[in-house]
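Below is one structure; the comments refer to it alone.
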Amino acid sequence: MVITDQLIAYKTINNLLKQCKTIKQIHQLHAHFITTGLLSLNPCHNQSKILIAVTTIKPTSSSTNLLSYAVSVFNSIPNPSTFCFNTIIRAHTLLSSPLNALLFFSQMRSVSVPPDFHSFPFVLKACSQLGSLSSAQTIHSQALKIGFVSDLFVSNSLIHIYSVSHRLRDALYMFDESSHRDVVSYNALIDGCVKSGDVAKARELFDKMPFRDSVSWGTLVSGYAKSGLCKEAIQLFHEMELNIRPDNIALVSALSACAQLGELECGKRIHDYIQESRIRVDSFLSTGLVDFYAKCGYIEIAIEIFESSQDKNLCTWNAMLVGLAMHGHGQLLLDYFSRMINAGVEPDGVTFLGVLAGCSHAGLVDEARKLFDKMESVYGVSRELKHYGCMADLLGRADLIKEAMDMINKMPMSGDVSVWSGLLGGCRIHGNVEIAVQAADHVMELKPEDGGVYKMMADLYADAERWEDVVKIRTCMDAGKVKKIAGCSLIQLNGVMHEFVAGDDLHPQTDDIYVVLNAIGKHQNEPC
DNA sequence: ATAGGGTTAG
């Protein structure tokens, strides 16, 4: 190779491009490229280097500027090569503009620039970002025609898109058909099994794969946690610790399992591990920790972690709000909600579930009504059945049964079990038999196997001394169909799990527990 | 230059 001044300048600029942190720096280098004539040396290749540099910039406010710059660079290339097209498609997938990525791909096809084995993974990623299975199928057929499906990256991209589109059979087909598979093929398919609800199949693949990396472990731990198999999730996490260093993703999933189960000791150990290993607490981990401590009863620690967290996202805020709601801290929750809005975080449906549930528990009726009104008009969050359910519960508790009934009648959709059960709960508290009968009819129609309604109606009639009706209800219950699912709760104390089922007396300290419970009950009835 | 796993609610 002949070392020329031009080559040195080219290499320097190439390295400088890689180090660019801002769009301004790229502009300067781009200008330099033009003025020194280096751009004309190999225009297609060098312009693409600029495009690649653009995509490595961390988007600050919006990626729109970066993309429009990238497009203008692309448009200045007279006859873009495959490499150029790949780069502009890649830029759009990286900066979350998948539709445009697909449009560039179709432009590429229409001007007969042949795609290569780099093109397909980019384009398929755009399909998965769009959630468009049909586009993926089209791309798949093109890849098949040109003969790229045997490429490992292409076939893995296809396994992935079919997995996330809940097309497990297609994902399995791709997996079985691919001549060579690697750990990524297995991981993508394991995720597909999890997403299609077949955790057993996921486990089977996990057990038989020749090599497992942290993604394999993390996928299955989170799969178990999401499928409600929390004990399995924690067990697998412990097994993982013996084999490989858990990363943030595995830690988050394990924390979620601990939170769901109330596994205080296990979750604390994870927290200790995070601190000892000086793991950077990202927004996912802070969410996991806040949720975990809140669910295990330690709302103060949850608040502490939330406040000290450097990295919060919508879920972190939601976990905090839901935690405060669970603990009955209604006023504090409203303060946090305002802080969230002021911080520029856009609330979603979960946010409002937390806020409304919190108001309900704290009896903050006016506040809830106002926020419920503003949900769509001010915050642009659509009011779903769950939110109406919260309102029915809140109004019912506050003895505003008529208002709750009016709300339900005016709803744009028909009420579901949660809405009518919410209203029924209010009727039960305030002894409103008439409305209770209507609400109960709806619940029984929508969920005939629900035993709770019958129990509630029996109690209501008993309070109203309508004994004949009590007998009728009991007869219905005994007649079958009704599943009596007993309420149950778990609490861990000093490392021992205590389990209670409604009405049981199996705990060794049952008598003592009831003495305290009765005392609390009496205390609650006394005026504060 | 290309492929895979994460948190909140229900």
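Hydrogens, waters and symmetry mates play no part in the numbers below; they use all other heavy atoms, side chains included. So that the names make sense, note that chain A is the first sequence line, chain B the second, and so on, each numbered from 1.
- Base engagement by A:V183 is indicated by at least one non-hydrogen atom pair under 4.0 Å involving a base atom.
- Listed nucleotides: B:dA9, B:dG5, B:dA1. Nearest to the side chain of A:V215: B:dG5.
- Distance, A:F175 CZ to B:dA3 P: 19 Å, rounded to whole Å.
- If you check B:dT7, B:dG5, B:dT2 against the side chain of A:S256, the one that comes closest is B:dT7.
- We find that CD of A:Q260 is positioned 12 Å from P of B:dG10, with the value rounded to whole Å.
- Comparing B:dT2, B:dG5, B:dT8 by their nearest atom to the side chain of A:A319 picks out B:dT8.
- Using a 4.0 Å cut-off between charged side-chain N and carboxylate O, A:K201 and A:D198 make no salt bridge.
- Atom CG of A:L236 and atom P of B:dG5 are 17 Å apart (whole Å).
- To the nearest angstrom, P of B:dT2 lies 14 Å from CG of A:L152.
- If you check every strand for non-hydrogen atoms under 4.0 Å, A:D348 touches nothing.
- Straight-line distance from the CZ atom of A:F352 to the P atom of B:dA9: 17 Å, rounded to whole Å.
- The side chain of A:K386 has B:dA9 as its nearest neighbour among B:dT2, B:dG6, B:dA9.
- Comparing atom distances between the A:H118 side chain and each of B:dG6, B:dA3, B:dT2 picks out B:dT2 as nearest.
- Contacts of A:S286 with the nucleic acid, taken as non-hydrogen atoms under 4.0 Å apart, are absent.
- For B:dG6, the base has no donor-acceptor partner in the side chain of A:D247 [N/O atoms by modelled type, under 3.5 angstrom].
- Listed nucleotides: B:dG6, B:dA3, B:dG5. Nearest to the side chain of A:K226: B:dG6.
- Once rounded to the nearest 0.5 Å, the distance linking CZ of A:R383 with CE of A:M375 reads 7.0 Å.
- When rounded to the nearest whole Å, the span between CZ of A:F117 and P of B:dA3 equals 13 Å.
- Just one of A:Y379, A:Y388, A:F352 meets the ring pair (Phe, Tyr, Trp, His ring centres under 6.0 Å) condition when paired with A:F372; it is A:Y388.
- For A:I89 and B:dA3, the CD1 to P distance is 13 Å, given to the nearest whole Å.
- The base of B:dA9 does not come close enough to the side chain of A:N318 for any donor and acceptor atom to sit less than 3.5 Å apart.
- Taking every heavy atom of both residues into account, A:C296 and A:E263 meet most closely at SG-N, 4.4 Å.
- Of the candidates B:dT7, B:dA1, B:dT8, B:dA1 carries the atom nearest the A:F83 side chain, counting heavy atoms from C-beta on.
- Nearest nucleotide to the A:L353 side chain, out of B:dA9, B:dA1, B:dT8: B:dA9.
- Nucleic acid contact class of A:N86 (heavy atoms, under 4.0 Å, all strands): base.
- For A:K295, no side-chain nitrogen or oxygen approaches OP1 or OP2 of B:dT7 to under 4.0 Å.
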Quiz item: Going through the distances and angles, do A:T316 and A:T287 end up as a side chain to side chain donor-acceptor pair (under 3.5 Å)?
Solution: CA-CA 4 Å; A:T316 324; A:T287 307; 2.9 Å; yes

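- A stacked arrangement is not assigned to A:H160 and the six-membered base ring of B:dA3, the conditions of a centre distance below 5.5 Å and an interplanar angle below 30° not being jointly met.
- When the side-chain nitrogen and oxygen atoms of A:K125 are compared with OP1 and OP2 of B:dA3, one or more of them lie within a distance under 4.0 Å.
- Atom pair A:M174:CE and B:dA3:P shows a separation of 16 Å (rounding to whole Å applied).
- At a threshold of 4.0 angstrom between heavy atoms, the contacts of A:F120 with the nucleic acid are absent.
- Of the candidate nucleotides B:dA3, B:dA1, B:dT7, B:dT7 has the atom nearest to the side chain of A:F284.
- A:R203 has a carboxylate O that lies under 4.0 Å from a charged side-chain N of A:D207, or vice versa, which qualifies the two as a salt bridge.
- Each of B:dT2, B:dG5, B:dA3 was ranked by its minimum atom distance to the side chain of A:R90; first place goes to B:dT2.
- Contact record, A:L255 with A:G288: CD1-C, 3.9 Å, taken as the closest heavy-atom pair.
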